[in-house]
Amino acid sequence: MLIVTPGNEVLRNFFDLEDTARVATVKYLTPADLGDTAKYGRPASAGEFDLVIFDRCELADEKAMPQANAFYIASVPPPWVRKEMPALKSAVIRNPTSSHPLMRDLSGLDEIAFSEAFRFDLRDSKVPARVPRLLEADRETALLFELPRRSFKDLVLTFPLVNDKGEWTTNWNLKLSFPVFLRNVLYQLGNVNDAAAEETIQPGQVKVLRPEGSPERIEVAEPGKGSRAVARGSSVEFVYQNTEKIGVYQATWTGGGRAFAVNLLDAEESNTQPRDEIKIGEQNIEADQTRLQSYDTWKWVALAALVLLVLEWAVYHRRVWF
């Protein structure tokens with residue numbers, strides 16, 4: 001993986017650990033190196049990295065984007081420009097938990113405080129539909145979200161971890177959830193094979209495999225008997241589509257392999273997190289929203305009319321009797 005940063009001890013404290021070195025080879029560059037073809041341009045376009053972190057720096061255009069997953073910290077991927085986005089002030093995180101794989105085992109997210117954030121308009125016409133929002137401030141303001149890019153993913157964090165002076169700009173660096181989050185980023189976006197982090201898929205879904213090295217083909221052993229060979233396409237990844245059978249699949253290639261599971265389990269079925277918004281028909285109902293409730297008032301109107309009739313009848317007959 002590659003980290004492009006002007007300097008960030010918070011990132012180094014995690015990615016320079018011995019435990020990280022066991023599963024990833026980390027390389028560092030400065031923002032000035034992004035224009036160097038030998039250091040960044042050629043390796044990034046050739047897909048030599050599984051994950052690239054851009055810390056407070058931006059690419060010149062879409063042609064410079066890496067053929068890999070990316071994590072943008074206090075910056076945005078092209079064609080968006082960070083300088084054109086307004087500052088976000090007095091924002092509070094609303095969702096204390098998230099079921100997204102990148103937020104696995106994280107809680108208490110609403111306790112995170114931060115500064116120097118910017119507002120990214122998710123209603124922009126260039127933003128794909130149904131963008132996963134991992135940290136939200138309100139309905140259209142996400143602080144951490146994931147943008148799809150062909151077969152890759154671009155994770156965007158709208159506030160920095162440190163400023164240009166090296167000073168911390170968020171208390172998330174002190175939370176126990178922060179190193180867990182960085183581990184999730186490393187394993188999920190860095191394509192690190194781990195049985196606990198490997199995402200299962202349902203029958204019929206496409207499985208994307210990104211093996212180490214540059215093999216031209218892989219062999220996928222299906223549950224039971226039989227195997228299929230998958231050739232590399234125009235992408236640096238392999239796409240396996242024959243996932244109709246339930247069970248464990250074993251993908252192998254020269255110098256490595258990876259297992260993945262296909263089952264009928266759905267994480268949403270056990271997700272008991274309270275929703276900030278639900279949709280009933282065409283109506284969206286938000287939490288803490290005052291709703292006008294209708295009552296059956298016709299009964300009281302009918303009772304009042306009956307009382308009036310009784311009084312009128314009593315007055316009439318009183319006049320007849322006297």
Test item: T169 side-chain N/O and S115 main-chain N/O as donor-acceptor pair under 3.5 Å: no

T5 backbone acceptor or donor facing D55 side chain under 3.5 Å: no

Rounded distance [0.5 Å steps], CG in D154 versus CD in E146: 8.5 Å

F120 and F145 aromatic ring geometry - parallel, tilted or perpendicular at 30°/60° bounds: tilted

Side-chain donor or acceptor of S75 paired with backbone N/O of Y72 under 3.5 Å: no

NZ/NE/NH1/NH2 to OD/OE distance under 4.0 Å, E219 and R228: no

Main-chain N/O of A64 paired to Y40 side chain as donor or acceptor, under 3.5 Å: yes

SB check K63 D61 (cutoff 4.0 Å): no

Donor-acceptor contact below 3.5 Å, side chain D33 vs main chain L29: no

Point-to-point distance, once rounded to the nearest 0.5 Å, from CG of L147 to CH2 of W80: 5.0 Å

Ring geometry between F159 and F114 (parallel below 30°, tilted from 30 to 60°, perpendicular above 60°): parallel

Test: R12 cationic atom under 6.0 Å from Y28 six-membered ring centre, within 45° of axis: yes

T243 (side chain) donor-acceptor with Q205 (main chain) under 3.5 angstrom: yes

Chi angles and distances behind the side chain to side chain contact (heavy atoms under 4.5 Å, CB included) call for D50, N69: CA-CA 6 Å; D50 290 292; N69 296 323; over 6 Å; no

Aromatic plane relationship, W172 with F178 - under 30° parallel, 30 to 60° tilted, over 60° perpendicular: perpendicular

side-chain hydrogen bond (donor to acceptor under 3.5 Å, both in side chains) assessment of R119 paired with T141: CA-CA 7 Å; R119 183 185 296 275; T141 303; 2.6 Å; yes

T170 side chain to A113 backbone, donor-acceptor under 3.5 Å: yes

Polar side-chain atom of S227 near backbone of A221 as donor-acceptor pair, under 3.5 Å: no

Evaluation steps, side chain to side chain contact (heavy atoms under 4.5 Å, CB included), between V162 and W168: CA-CA 4 Å; V162 299; W168 289 11; 3.7 Å; yes

Pi-cation contact, Y187 with R183 (under 6.0 Å, within 45°): yes

Gap between atom NZ of K27 and atom CE of M1 - 0.5 Å precision: 13.0 Å

Straight-line distance of E111 CD to S177 OG, nearest 0.5 Å: 8.5 Å

Heavy atoms from other residues, nucleotides or ligands near CG of L176 exceed 12 (cutoff 6.0 Å): no

Ionic contact status for R82 with E84, cut-off 4.0 Å: no

Same cluster (ILVMFWY, side-chain, under 4.5 Å), I53 and V23: yes

Side-chain H-bond candidate by donor/acceptor type, E167 with N163, under 3.5 Å: yes

Hphob cluster co-occupancy, F15 + L174, side-chain heavy atoms under 4.5 angstrom: yes

Min side-chain heavy-atom separation L122-R133 under 4.5 Å: yes

Distance, nearest 0.5 Å, that separates CG of L102 from CG of L135: 10.5 Å

Note: R94-E136 ion pair, threshold 4.0 Å (strictly below): no

Check: L106 and V180 side chains under 4.5 Å, non-hydrogen atoms: yes

